[in-house]
Amino acid sequence: MKYYMHVNGQQMGPFEESELMINGLTPNTPVWADGMASWIPAGQVAALSYLFAGQVPPYGGQPQQPQYAQPQPQYATGQHMPMPPTNLVWGILVTIFCCLPFGIVSIVKASQVTSLYNQGQYAEALEASKSAGKWAMWGAISCVIAAVLYLICVFLFVGSLGAFAHM
């Protein structure tokens with residue numbers, strides 16, 4: 001099981017049990033893991049009691065339990081998730097060269113990615129990024145289809161003019 005912990009007012013983790021002591025875990029260090037209702041001192045977590053064998057936690061009665069927020073999604077290295085691509089360039093290119101309606105929707109979705117990410121709504125930012133890319137792709141595909149249909153019509157018209165001229 002992986003644990004998060006607060007050391008000197010800073011959230012750290014996630015850590016394997018074997019890494020906790022190396023990173024400054026004490027019996028009083030607040031820890032949290034999936035399945036735990038709230039942050040509690042490590043000395044009160046039954047699964048971690050073997051780490052403190054022979055140590056007596058210096059509580060003087062009931063321990064104070066500071067309130068901490070649940071951990072944010074992080075990589076194992078402790079870094080936050082990277083911002084998803086906005087796909088704004090594709091939306092602009094589709095708007096200029098291909099299909100105005102699809103391009104505008106793509107630009108609107110792309111402009112939402114950064115603000116959602118900065119608000120800590122990573123899943124919504126990722127969805128907006130995918131949606132912006134999808135609308136840009138459909139705009140480009142519709143442009144290709146329109147160009148093919150245009151060329152077919154031009155060849156049919158030129159061919160019919162040639163047949164009409166030989167009469």
Side-chain angles (χ1 to χ4, degrees), residues 1-26 28-42 44-48 51 64-156:
M1 179 177 287
K2 294 193 177 205
Y3 291 88
Y4 292 87
M5 61 184 190
H6 268 271
V7 176
N8 297 325
Q10 183 177 8
Q11 177 184 309
M12 299 173 62
F15 297 111
E16 296 289 339
E17 288 179 20
S18 60
E19 301 172 308
L20 290 171
M21 296 300 279
I22 297 169
N23 288 290
L25 183 74
T26 68
N28 290 329
T29 304
V31 295
W32 180 87
D34 284 334
M36 294 175 64
S38 64
W39 291 84
I40 59 172
Q44 295 180 3
V45 178
L48 299 177
L51 294 173
Q64 297 282 348
Q65 291 189 10
Q67 299 298 316
Y68 298 104
Q70 298 300 331
Q72 297 295 317
Q74 296 179 337
Y75 289 122
T77 61
Q79 300 296 319
H80 288 291
M81 301 291 271
M83 186 171 81
T86 62
N87 294 309
L88 182 60
V89 172
W90 295 114
I92 292 170
L93 292 174
V94 166
T95 302
I96 293 172
F97 296 113
C98 299
C99 182
L100 184 67
F102 288 121
I104 290 174
V105 174
S106 179
I107 290 172
V108 169
K109 292 292 185 183
S111 67
Q112 295 173 350
V113 174
T114 303
S115 62
L116 288 169
Y117 178 79
N118 289 336
Q119 293 172 11
Q121 300 176 0
Y122 181 76
E124 292 83 357
L126 185 60
E127 184 60 36
S129 172
K130 289 178 183 177
S131 184
K134 176 185 71 171
W135 282 101
M137 179 186 64
W138 281 109
I141 290 171
S142 67
C143 180
V144 170
I145 291 171
V148 169
L149 291 175
Y150 175 77
L151 290 175
I152 290 172
C153 289
V154 167
F155 285 125
L156 290 176

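This chain uses plain numbering: 1 for the first residue, then up along the sequence. Predicted, not measured: the structure shown is a model, and the values here were computed from it. These values consider heavy atoms only, across backbone and side chains, with no hydrogens, waters or symmetry-generated copies.
- If you take CG on Asp34 and CE on Met1, they are separated by 7.5 Å, rounding to the nearest 0.5 Å.
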**Item:** Step-by-step side chain to side chain contact (heavy atoms under 4.5 Å, CB included) determination, Asn23 to Val7
**Value:** CA-CA 9 Å; Asn23 288 290; Val7 176; over 6 Å; no

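- Distance alone, capped at 3.5 Å, is enough to place a donor-acceptor pair between the Glu19 side chain and the Glu16 backbone.
- Remark: the backbone N or O of Gly91 is paired with a side-chain donor or acceptor of Thr95 at under 3.5 angstrom.
- To the nearest 0.5 Å, atoms CG (Leu88) and CG (Leu93) are separated by 9.5 Å.
- Note that CG of Asn87 is 13.0 Å distant from NZ of Lys109, once rounded to the nearest 0.5 Å.
- Annotation for Val31 and Met5: closest pair CG1-CB, 3.9 Å, computed over non-hydrogen atoms.
- Across all their heavy atoms, Ile22 and Ser18 have their closest contact at CD1-O, 3.9 Å.
- Below 30°, between 30° and 60°, or above 60°: for Trp39 and His6 the angle between ring planes is above 60°, a perpendicular geometry.
- Other residues, nucleotides and ligands place more than 12 heavy atoms under 6.0 Å from the CD atom of Gln119.
- For the atom pair CD (Gln121) and CD (Glu127), the distance works out to 13.0 Å, reported to the nearest 0.5 Å.
- What you find for Ala136 and Val94 is that their closest heavy atoms are O-CG2, 3.3 Å.
- One distance of note links CG of Leu48 with OH of Tyr3; it measures 4.0 Å at 0.5 Å rounding.
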Atom pairs and distances, donor-acceptor, side-chain atoms in residues 97-107, under 3.5 Å, two or more places apart:
residue: Ser106; atom: OG; partner: Ala132; partner atom: O; Å: 2.8

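- In this structure a side-chain-to-backbone donor-acceptor pair under 3.5 Å is missing from Ser129 to Ala125.
- Contact between Val113 and Met83 at its shortest, heavy atoms only, is CG1-CG, 4.4 Å.
- The distance from atom OG1 of Thr26 to atom CG of Leu20, rounded to the nearest 0.5 Å, is 11.0 Å.
- Listed by chain and residue number, nothing satisfies the salt bridge (charged side-chain N to carboxylate O under 4.0 Å, His left out) test with Glu17 (two or more places apart in sequence, or in another chain).
- Closest of all the heavy-atom pairs between Ile40 and Met36 is CG1-CE, 3.5 Å.
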